[in-house]
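Have a look at the structure below, then the notes.
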Amino acid sequence: MKIVIREDFSETPGSRYIDEGPFSGQDFRDRILIKKYNEALTNHEKLEIDFDGCFGFATSFLEESFGGLVREYKKTANEILDNIIIISEDDDTIPGLVKKYVLDAEGATNK
Amino acid sequence: MGISKKQWHDNRCRKIAKYKKEKKTSKKCRDIPGISNSTKSDYNTAKHFNIEFPKQFSVLKNGEETIGCFNKIIDEIYKKNLKETFYLDSGNVEQVTIDALAYLIAIVNNIKLNKTLQHMFSGNLPEHIGARKSYVESGFLNFFNSNCKSFPKSNDKLQIKSGKKSDPETARKICEFVMEKMHKSQKDIIFLQKTLIELMSNTKLHAYNSDMKMEPVWYIFAEHRDNKVRIIFLDTGLGIAKTVKKKNFEIFGTKNDAELIYAAFSEQFRSGTGLPNRGHGLRLIKKFVEEGKYRNFVVVSGQGKCEMRCDKGEYTLINSEHKEKLYGTVYIIDIE
């Protein structure tokens, strides 16, 4: 199961929330990410997410997309990190940031 | 002997024109929507102000004088006045930088968008040919009605754009401009798209509040000159310094504006929202400067100016204060 963000969503990801502007992290998460993620889990597959070819991902976009899986969809950090594979040759900071946001979201949720 | 058809038609046109002119001048004052419990005597109307801009019209290089001129306009706007006329006199301007032009457009445009105030703006272009060319090539005239003869569009300038929300497409155009002028690949300027989206988002979320007279709009401009691309991003809102102080008073209550600006980009600052999952954006921008991705990153807000520079791997920070307070925030970003 794969998401190629450049083709399935946008080459120019935006900000955090839908009301802030187009191609937001919230839009990506709710329209594409959660569906493919659940489908992958059902099929006992890992979800590959390809970030390459885009013009760059704001921190707010990444945090809302992946941290939001914990906050909004009550996924656990371990489950998310075990079931996604991040492809990002253009920006090597993305895997670390996604992991950080997922863990931080779980930590904040558990407080 | 009757009049000819042409004479009848000409007389009729004259009468209609006269009637329209009379109707216009006898137009009654109406209560302004949204302002109740007030009388006409509460307001001064139809005042005229002449604002003369300095020879060196630049926020970066001549902040005190330039910001002082802007404040003459803004201070009048924030008084309880309607229907004022401002004449923006650029006749003597000889050197101009785009930060000043963009800020001027921002004030005028944001005020004009607020139709309750009914302020009018007019003005002139500089007599100095170089300065005049800068005005026109920046897209300045796109924001005003003008019968001025236009210069051909410059390939070295992206005309001023504005918006209220996060606009990835405009950010992308800026990135592509940098890629073209600085011979960089898309991968090389990922940091710029991130920066611009953060700034646009911050403007929408934090820069303005409901009490303000100006519309909540950001402005952006890019120029290729002297082997670098300069990007100007600005808003005319509360100002980053004021926002930081307001949200974190227990930590930053005694700091000056330049220190507050720097605090917004540092680890000390919690997000303006106070939420734990927020507040990463400005810290990331500072990291880009430290890594040398930006040659200069200057922020002017309130009475403070914070200049972050990276020269041959060495990072320096210069904070300074000025007397005149800038409303909003101006970012001046250089990429080499």
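Worth knowing before you read on, the calculation uses all heavy atoms, side chains too, and leaves out hydrogens, waters and symmetry mates. Here is how names work: the chains are called A, B, and so on, in the same order as the sequence lines, proteins then strands, and each is numbered from 1.
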Checklist line | Backbone of A/C54 reached by a side-chain donor or acceptor of B/Q186 within 3.5 Å | finding: yes
Item checked: Check: A/T12 main-chain N/O paired with B/Q193 side-chain donor or acceptor under 3.5 Å -> no
Notebook entry, point to check: Would you call B/K187 and A/D52 a salt bridge, using N to O less than 4.0 angstrom?
Noted result: no
Enter the distance from [X]:[atom1] to [Y]:[atom2] here, rounded to the nearest 0.5 Å.
| X | Y | atom1 | atom2 | answer |
| --- | --- | --- | --- | --- |
| A/T59 | B/L282 | OG1 | CG | 9.0 Å |
| A/D19 | B/K204 | CG | NZ | 5.5 Å |
| A/S24 | B/I197 | OG | CD1 | 11.0 Å |

Check: Does any heavy atom of chain B fall under 4.5 Å from the side chain of A/T93, the backbone, both, or neither of them?
Finding: side chain
Note to self: Can you tell me which portion of A/F55 sits under 4.5 Å from chain B's heavy atoms? Options are side chain, backbone, both or neither.
What the structure shows: both
Checklist line | Close side-chain approach of B/M200 to A/E20, heavy-atom, < 4.5 Å | finding: no
Note to self: Looking at every heavy atom in both B/I190 and A/D91, which two are closest together, and how far apart are they?
What the structure shows: CG2-OD2, 3.8 Å
Next item on the list: For residues B/K194 and A/G56, report the shortest heavy-atom separation together with the two atoms involved.
Entry: CG-C, 4.3 Å
Next item on the list: Check the pair A/R16, B/S201 against side chain to side chain contact (heavy atoms under 4.5 Å, CB included), reporting the backbone distance first and the verdict last.
Entry: CA-CA 8 Å; A/R16 182 182 288 270; B/S201 174; 5.6 Å; no
Next item on the list: Hey, could you give me each pair passing salt bridge (charged side-chain N to carboxylate O under 4.0 Å, His left out) that has a residue in residues 24-39 of chain A? Not counting sequence neighbours.
Entry: A/D27-A/R31, A/R29-A/E64
Checklist line | For chain A, which residues of residues 162-169 of chain B have heavy atoms nearer than 4.5 angstrom | finding: B/K165, B/S166, B/P168, B/E169
Item checked: residues 216-231 of chain B: residues contacting chain A (heavy atom under 4.5 Å, by number) -> none
Check: Should we count CD of A/E89 as having more than 12 external heavy atoms under 6.0 Å?
Finding: no
Do any side-chain atoms of residues 78-86 of chain A form donor-acceptor pairs under 3.5 angstrom with protein atoms, and if so which ones, sequence neighbours left out?
residue, atom, partner, partner atom, Å
A/E79, OE2, A/Y37, OH, 2.5
A/N83, ND2, A/E79, O, 2.7

Next item on the list: For chain B, find which of A/P13, A/S10, A/G67 contributes the most heavy-atom pairs closer than 4.5 angstrom.
Entry: A/P13
